[in-house]
Structure formats: C-alpha cells, structure tokens
Amino acid sequence: MITHSPATRPVSEKWDSRFLELAKHISEWSKDPSTKVGCVVVGEDREIRSTGFNGFPRGIEDDSDRLEDREKKYPLICHAEENAIMHAARIGISLKGNTAYISWPPCSRCARSLIQAGVNEVVFPTGVDVPERWRSDFDIAIAMMNEGGIAVRQS
C-alpha cells in the first residue's frame, strides 16, 4: 500500500504534468527491453538540474545479450534516479531541496540515494501498474522516504 506525505510547497498540476511527461520521454532512451524509467530533477524555480534513465554506466557495453539476461543485467544497470544523481555529482550540481519527477515509483535502492542527495520531494504518475514482485520494495521505499522527510506525491 503506497501512502503519501503532504507536499512541502504549492503544487501546479500543469508543471507536474510537464515534468512527468519529460521523464516519460527520457525513459524511452533506455535500452532495457523490460522496463524503461526516466527521472527529471527540478530546482525550486522549475529549472531542470539533472536527468537520468535506466541503463549501464558509461563505457559498459549494453548489448542485447546482457540486457535480455536478468542475471547479467541487474548487477550492471543503474536506475534512472541513480543516473540523475550521479550525473549531477559529476558536473558539480547540488540536488538538495529539489524535486525528482520519475516515470515509475522509486525502489528502496533509489529511495536511499534520493534521501542522501537531499531531494525533498518525489513525484510519480498515478496509475502505474507495478508488478507484484516490486510492490513490497516500493512500499519500503515510500515508508523510507516519508521517514527521511521527502514529500511523496502521485500526480
């Protein structure tokens, strides 16, 4: 069961929609054949601070043999949120106090990273069909973000 904490600032459905659509667009850049996720991290003035999609690290071959074999793929793949956070760190941009718009609910691994990066709000779309194998982990992630002070919303 996903529960949400209240947003920390006034919400604009128009901007939520725009950034979630952008996250969905960016998710299409992923070569993962099973799940494509995009993330857009936005500052308080609605400026885009970083983006990411799920994929292998720079320089790591992302051929179909690896992408279609979960045992090979999972140890190599970076999630969209991780890629957005690592890209920002690589170019020296702080994400503290920012909002992450994600095309899919974050997992516990990404929730840890979002908390540590100082993100203060996470928004993901309503109506996402979460496979049963992920539901427990998403519940843990939502609870962790709530406890860590991140406002979590669906839009």
Side-chain angles (χ1 to χ4, degrees), residues 1-5 16-43 48-96 98-155:
M1 173 74 166
I2 295 177
T3 58
H4 308 282
S5 57
D16 279 356
S17 177
R18 288 175 176 173
F19 290 127
L20 286 172
E21 281 298 315
L22 182 55
K24 185 177 182 335
H25 174 77
I26 290 168
S27 76
E28 294 303 315
W29 301 347
S30 172
K31 294 181 182 179
D32 190 324
S34 63
T35 306
K36 296 179 184 303
V37 180
C39 177
V40 178
V41 184
V42 178
I48 295 170
R49 294 283 182 94
S50 190
T51 62
F53 55 91
N54 57 313
F56 292 173
R58 288 175 174 88
I60 304 301
E61 183 65 37
D62 55 3
D63 60 26
S64 60
D65 178 56
R66 284 179 166 174
L67 286 166
E68 293 172 9
D69 182 335
R70 287 178 192 230
E71 286 187 28
K72 292 178 183 176
K73 176 177 70 173
Y74 284 158
L76 299 174
I77 202 152
C78 296
H79 290 187
E81 302 92 325
E82 293 174 313
N83 266 329
I85 291 165
M86 290 183 278
H87 174 71
R90 182 181 174 110
I91 61 174
I93 294 177
S94 173
L95 302 181
K96 184 177 181 182
N98 288 198
T99 299
Y101 290 88
I102 310 163
S103 63
W104 186 263
C107 68
S108 61
R109 171 175 137 182
C110 291
R112 290 190 305 261
S113 296
L114 291 162
I115 292 166
Q116 290 298 87
V119 168
N120 70 356
E121 185 174 27
V122 167
V123 181
F124 58 92
T126 58
V128 175
D129 187 23
V130 176
E132 183 64 38
R133 71 180 183 271
W134 284 103
R135 288 192 184 142
S136 174
D137 189 68
F138 287 154
D139 289 344
I140 291 167
I142 299 299
M144 195 170 21
M145 289 186 292
N146 284 332
E147 185 177 342
I150 293 180
V152 178
R153 295 189 293 112
Q154 285 184 273
S155 180

S.K.: List for me each residue that meets side chain to side chain contact (heavy atoms under 4.5 Å, CB included) alongside Phe53, sequence neighbours excluded, and say none if there are none.
M.R.: Ile26, Trp29, Ser30
S.K.: Which residues satisfy the side chain to side chain contact (heavy atoms under 4.5 Å, CB included) test with Thr35, sequence neighbours excluded?
M.R.: Val37
S.K.: Where the side chain of Asn98 meets the backbone of Lys96, is there a donor-acceptor pair that is under 3.5 Å apart?
M.R.: yes
S.K.: Quick one: list whatever passes side chain to side chain donor-acceptor pair (under 3.5 Å) with Asp69, sequence neighbours left out.
M.R.: none
S.K.: Can you tell me how far the CG atom of Leu114 sits from the CG atom of Asn120, to the nearest 0.5 Å?
M.R.: 11.0 Å
S.K.: So which atom in Pro105 and which in Val128 form the shortest heavy-atom distance, rounded to 0.1 Å?
M.R.: CD-CG1, 3.7 Å
S.K.: Report yes if some heavy atom in the side chain of Ser155 is under 4.5 Å from a heavy atom in the side chain of Leu20; otherwise report no.
M.R.: yes
S.K.: Salt bridge (charged side-chain N to carboxylate O under 4.0 Å, His left out): which pairs involve residues 24-41, sequence neighbours left out?
M.R.: Lys31-Asp62, Asp32-Lys73
S.K.: With rounding to the nearest 0.5 Å, note down the distance linking CZ in Phe19 to CD1 in Ile48.
M.R.: 5.5 Å
S.K.: Do the side chains of Met86 and Pro57 get nearer than 4.5 Å, heavy atoms only?
M.R.: no
S.K.: Report the residues that fulfil side chain to side chain donor-acceptor pair (under 3.5 Å) with Ser108, sequence neighbours left out, ordered by chain and then residue number.
M.R.: Asp137
S.K.: With sequence neighbours left out, write down each residue that passes side chain to side chain donor-acceptor pair (under 3.5 Å) with Glu71, or none if nothing qualifies.
M.R.: none
S.K.: Run the salt bridge (Lys or Arg N to Asp or Glu O under 4.0 Å) test against Arg49 and tell me which residues pass, sequence neighbours left out.
M.R.: Glu47
S.K.: Where do Arg66 and Glu61 land on the salt bridge (charged side-chain N to carboxylate O under 4.0 Å, His left out) test, with the steps shown first?
M.R.: CA-CA 8 Å; Arg66 284 179 166 174; Glu61 183 65 37; over 6 Å; no
S.K.: Please identify each residue that fulfils side chain to side chain contact (heavy atoms under 4.5 Å, CB included) with Glu147, with sequence neighbours left out.
M.R.: none
S.K.: Among Ile102, Val40, Thr99, which residue satisfies the side chain to side chain contact (heavy atoms under 4.5 Å, CB included) criterion with Val123?
M.R.: Thr99
S.K.: Taking all heavy atoms of Ala88 and all of Ser50, pick out the closest pair and write down the distance.
M.R.: N-OG, 3.7 Å
S.K.: Check Ala84 against Cys39 and note the closest heavy-atom contact, atom names and distance.
M.R.: CB-SG, 4.0 Å
S.K.: Walk me through it: do Asn83 and His87 pass the test side-chain contact (heavy atoms from CB on, under 4.5 Å)?
M.R.: CA-CA 6 Å; Asn83 266 329; His87 174 71; over 6 Å; no
S.K.: Quick one: which residue pairs count as a side-chain hydrogen bond (donor to acceptor under 3.5 Å, both in side chains) with a foot in residues 123-133, not counting sequence neighbours?
M.R.: Glu132-Arg135
S.K.: Could you pull out all residues at least two apart from His79 that satisfy side chain to side chain contact (heavy atoms under 4.5 Å, CB included)?
M.R.: Ile77, Glu81, Glu82, Cys107, Arg109, Cys110
S.K.: Within the distance-only criterion (no hydrogens, no angle test), does the side chain of Gln154 pair as donor or acceptor with the backbone N or O of Phe124 below 3.5 angstrom?
M.R.: no
S.K.: Compare all side-chain heavy atoms of Ile85 with those of Gln116 and state whether any distance is below 4.5 angstrom.
M.R.: no
S.K.: Starting at CZ of Arg112, measure out to CE of Met144 and round the result to the nearest 0.5 Å.
M.R.: 6.0 Å
